[in-house]
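Data block below; observations after.
Note that the numbering runs from 1 along the sequence shown for the chain.
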Amino acid sequence: MAPQPFNLADRLRMLRRLPPSVRLAALEAALPMATSDDIERLAAEVLELALCVPAAAGTLFGRSRGPVPEADLALRVLAQHWPRLPRMLRTACESVGEERWAEVAAALLSDASVDGRLAGIGLISSSAAACLRATGLPSLLADQVPEVANAAEKAIFQLAVRLRRDLEPQWLQGDDTLPDFQPGPESATALRHAEQIRNAVAEACRRYAEHRRKSALFAAILLLAEPGDRRSRLGIDDLDSLCADHAHPAGGALRTLLRWHRAPAVREAALRLLARDDLAAAAIDRIARGYSPEDHACMLSSGHLLEHPCRIRRLAIISVRARPEKDAEGVARRAFPPEGPFPDAETYSMLPFAARCMLPRFVHAIELDARDRDLALEPAMVDPSPAARLAALGVAGESLTAEFVLDDDARVARAAAWRLSTAGVGRWAYTVLPIADDRRRLWRSLERSRHAVVRRVAEEESARIDPWRCEAAASRVLARSRLALRREETLEELRSRIRTEVTQERLRAVAVARCLGVVAEVLAALMATVQDDDCTLASAAVAALGDIDDASVDPVLQELVEHVDGRLRANAVESIWRRAARKTKSPEIEPTLLELKSDGVSRVRANAIRGAIIASGWSQSTGLVGRAALLNMLDDDRSEHRRSALWVLLRSAGGPIRHGGLGSAFAKRLSHLAAIDTDSTIRARAGQCLRVMGHAPAKVEQHP
């Protein structure tokens, strides 16, 4: 039977019978040829040799206290094959101890062979325990063998990056001269040697004149911008002193790198270093240029640093102006220069949520006029997140805020409406000068907003800025303030509004004239309005004529009493008796009132009867006729006449009716109306009249 070939387990069993030196030599020869499946088993055998110690008589527990030479040689063998070792085996290897690994790393760095120096560099960059000897790397940056110098540069760069765990790998790209970043150990052991890493970077910068490698400067920038308390960052003082030394060649080269390097991490570092007096100028130049979406995202991820007063003050030095240009379709528009500090619309859409929320703070810090600030914030208008839109709204100008007030989200629209509103400003500073028409039109359009809160704010703001809406108290206050401060100008504007062709504006102007008590001063415009074809407008002017005692008004009112339009006749009658009521005696109006007490239009009839009742102050007979006519009007078959009669009674029940001799008759009729009338409005008004007259209303019957 043919013998079976030996497998790896058999060979390892046989190998363990040999002396340690022979066993180590065999393993060292086998490791370069081992496959990825076998290297773990072979390396474990080497690790066993690194941990084993010989037996000796007379020692504690029969064993010596220190490693043998083969153990140190075993560590060196492991170091030479360190990049190929599995991760779990590397962790097991580090249990040997930091001091032993540090001695191995130091010995390899000073090795005469290229492979030895490369193994030492790889060990320091890949092993957390060997980081203790990181200060030996700068001496190899100027090595005569380019492969060794490049490996040392890459190791220093990677060690510095591992201290900046807040940076994303894509933020370190942007320059072909930089080595590729590879993730390394993140254990507490690596962080414990942060001081040695910072000292190594500082030493590499001091030797910059010898090697001229920019990665060392890049690492210095990253460590100078490392977040955290400066007192807890041991070893950073050497880098600070290097930046303060303007005569050192590394200082100028570092500022140049900070100013022009295209890696996004450099822009983020520039924002952090902006608070330093020695690096502020270079940092400002780098912040003013954004090359890619990652460039903007990296810096804006630290946008909270903009709250520092020193950074805000220095960012204001950056001055950017948009310039006119034409797009691909030939349409003229305004845009910022390429590679400017702000992302365009396409770049903005690629930013993460946190960066989009921080952009408004950055825009607000830079020196911009209102128009350019709104242009920089325009991409935020279509941001899918309401929070990002609210952040942009916080620094937007008035024109852009007017766009945000139309937002679909009620919270954004409400915040924009409050920002545009003058509520809380104090005493209205705009009472002297008229408000721009476009602002008034904006608030009028917002009164039809889809959001109830915006409609309410718009209504209140319209009243605060529009003196021609006397139905609101704020508008009346504004109108009176303008009249007091600029009387002639306000009166002239009032006259022109009464003469305008817009009916709604003319009606409001007439109402404002009556509210301000300046009807006599705009009488000429009102007299012309009385003859207008629009009966609604003419009737409003006729009602205003009742506020003054000018004798020239009497013929006009007497003529309008015969007008075919019922509203005009009603207002003319009311104006006549209102003018007469201000006099002690006016018997000339009695025939007119008695003639119209049976008019077919309920409003004309009601005004005539009310005037006759008021005339009882100077003519008892006219008052008695008026009260009798009112009692007959309550019995009218037409519901509109009964409603108008109750309207008159509500305004007369407390005086002339109650003490005029017909109080019981009115009470009886009102009780009947309150109980059985088919019109619910009439029943309610009748009950109200009974309460005013001091009578309890009868129980109201329910009608279908």
Side-chain angles (χ1 to χ4, degrees), residues 19-34 39 42-43 45-47 49-52 66-85 89-90 93-94 96-160 179 182 184-185 193 196-197 199-213 215-216 219:
S21 58
V22 178
R23 180 181 171 189
L24 178 61
L27 290 171
E28 183 179 5
L31 277 173
M33 299 178 290
I39 191 170
L42 294 175
E45 296 291 331
V46 178
L47 178 59
L49 291 173
L51 293 172
C52 71
V68 295
E70 287 79 5
D72 293 335
L73 291 175
L75 288 182
R76 186 181 179 112
V77 171
L78 290 174
Q80 291 175 341
H81 297 278
W82 188 269
R84 299 179 60 199
L85 300 184
L89 189 59
R90 289 186 188 183
C93 291
E94 290 182 356
V96 172
E98 293 183 12
E99 293 296 333
R100 292 186 63 190
W101 278 116
E103 292 176 1
V104 171
L108 288 173
L109 291 180
S110 59
D111 195 272
S113 66
V114 173
D115 292 338
R117 296 198 299 275
L118 289 176
I121 294 172
L123 179 63
I124 292 176
S125 63
S126 304
S127 171
C131 288
L132 191 62
R133 294 298 181 183
T135 51
L137 293 175
S139 60
L140 298 179
L141 290 174
D143 196 275
Q144 297 298 323
V145 180
E147 186 180 0
V148 175
N150 293 336
E153 178 187 16
K154 182 177 181 179
I156 291 177
F157 175 73
Q158 291 186 353
L159 289 175
Q182 296 177 357
H193 298 313
Q196 283 75 21
I197 295 175
N199 289 334
V201 173
E203 180 64 22
C205 291
R206 288 195 190 94
R207 294 170 174 260
Y208 179 73
E210 302 174 9
H211 55 76
R212 296 289 177 177
R213 294 186 177 272
S215 295

All side chain to side chain contact (heavy atoms under 4.5 Å, CB included) counterparts of A107, not counting sequence neighbours: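 Side chain to side chain contact (heavy atoms under 4.5 Å, CB included) list for A107, sorted by chain: R76.
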
- prompt: Partners of A219 by side chain to side chain contact (heavy atoms under 4.5 Å, CB included), sequence neighbours excluded?
  reply: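 Once residues adjacent in sequence are excluded, the partners of A219 under the side chain to side chain contact (heavy atoms under 4.5 Å, CB included) criterion are A160, V201.
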
How long is the span from the [atom1] atom in [X] to the [atom2] atom in [Y], to the nearest 0.5 Å?
X    : Y    : atom1 : atom2 : result
I121 : L140 : CD1   : CG    : 5.0 Å
L108 : L123 : CG    : CG    : 7.0 Å
R207 : R212 : CZ    : CZ    : 15.0 Å
I156 : S125 : CD1   : OG    : 10.5 Å

query: Where do H211 and A204 come nearest, in terms of heavy atoms and distance?
result: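 In this case the closest contact between H211 and A204 is NE2-O, 2.7 Å.
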
- prompt: In terms of side-chain geometry, is the basic nitrogen of R206 or E203 positioned less than 4.0 Å from the acidic oxygen of its partner?
  reply: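 Salt bridge present between R206 and E203.
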
Residue pair I124 / L159, side-chain heavy-atom distance below 4.5 Å: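 Sidechains of L159 and I124: in contact.
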
field: Listed once per pair and sorted, the side chain to side chain donor-acceptor pair (under 3.5 Å) pairs that draw on residues 129-147, sequence neighbours left out
entry: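 Every pair satisfying side chain to side chain donor-acceptor pair (under 3.5 Å) with a residue in residues 129-147: R117-D143.
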
- prompt: Under 3.5 Å, is there a donor-acceptor pair linking the side chains of S113 and D115?
  reply: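 Their side chains do not contain a donor-acceptor pair, so the 3.5 Å distance test is not met.
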
